[in-house]
Amino acid sequence: MVTSIVIDRTLQFLKDMAKKAVVTIDGQEITKSFHSQEIVEDTVKTYVYLDDGHGHVSTVKLVDAQGIELDQYTTSIEPSEDGLMIVFTLSVTLKGAVQV
């Protein structure tokens, strides 16, 4: 069985690896800082807030310090005068194996 320290360190590694979000709004890529991040059980949640009055959102990416894409999804969120919270969720399941 994988020990809890392995799971905890893996989740912390994933949390620390993500550095920013790149959001495509009205066809233009905009870099956004995180609103917050948290680890909940086996999941890293990263929150990105778009201010009131955002345009049409078509793509959202989670990237590391070198700009390497860690997670991405395509969407179609219409322009709104209200703010928008985007949540990335990265879940981890680790399995140990016994070799004899």
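Values below: every heavy atom of this structure, side chains too, minus hydrogens, waters and symmetry copies.
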Check your understanding: Does one hydrophobic cluster hold both Val40 and Met17, with members joined at side-chain heavy-atom distances below 4.5 Å?
Key -> no
**Study point:** Heavy-atom pair with the smallest gap, counting every atom of Ser33 and Val48
**Key:** O-CG1, 4.2 Å
Point to revise | hydrophobic_cluster_shared for Ile5 and Ile7, side chain cutoff 4.5 Å | key: yes
**Study point:** Any side-chain heavy-atom pair of Leu90 and Leu62 under 4.5 Å
**Key:** yes
Review point. Partners of Thr75 by side-chain hydrogen bond (donor to acceptor under 3.5 Å, both in side chains), sequence neighbours excluded?
Key: none
Review point. For residues 27-51, which residue pairs qualify under salt bridge (charged side-chain N to carboxylate O under 4.0 Å, His left out), counting only residues two or more places apart or in two chains?
Key: Glu29-Lys61
Study note, to complete from the structure: Rounded to the nearest 0.5 angstrom, the CG-CD1 distance for Leu11 and Ile39 is 5.0 Å
**Study point:** Listed once per pair and sorted, the ring-ring contact (aromatic ring centres under 6.0 Å, His included) pairs that draw on residues 51-84, sequence neighbours left out
**Key:** Tyr73-Phe88
Review point. Does Val87 share a hydrophobic cluster with Val57, counting links as ILVMFWY side-chain heavy atoms below 4.5 Å and allowing steps through other members?
Key: no
**Study point:** Joint cluster assignment, Val22 & Ile86, ILVMFWY side-chain distance < 4.5 Å
**Key:** no
**Study point:** Side chains of Val6 and Thr3 in contact at under 4.5 Å (non-hydrogen atoms)
**Key:** yes
Study note, to complete from the structure: On a heavy-atom basis, the closest approach of Leu70 and Ala18 is CD1-CA, 3.8 Å
Review point. Looking at residues at least two apart in the chain, or sitting in another chain, which of them share a side-chain contact (heavy atoms from CB on, under 4.5 Å) with Glu81?
Key: none
**Study point:** Sequence neighbours excluded - salt bridge (charged side-chain N to carboxylate O under 4.0 Å, His left out) pairs with any residue from residues 6-15
**Key:** none
Practice item. Sorted by first residue and then second, give each ring-ring contact (aromatic ring centres under 6.0 Å, His included) pair with at least one member in residues 27-49; sequence neighbours left out. Key: none
Exercise for review: Kindly give the heavy-atom pair with the smallest separation between Asp26 and Gly55, and that separation in Å.
Suggested key: OD2-CA, 3.5 Å
Check your understanding: Do you reckon Val23 sits in the same ILVMFWY cluster as Val63, going by side-chain contacts under 4.5 Å, direct or chained?
Key -> no
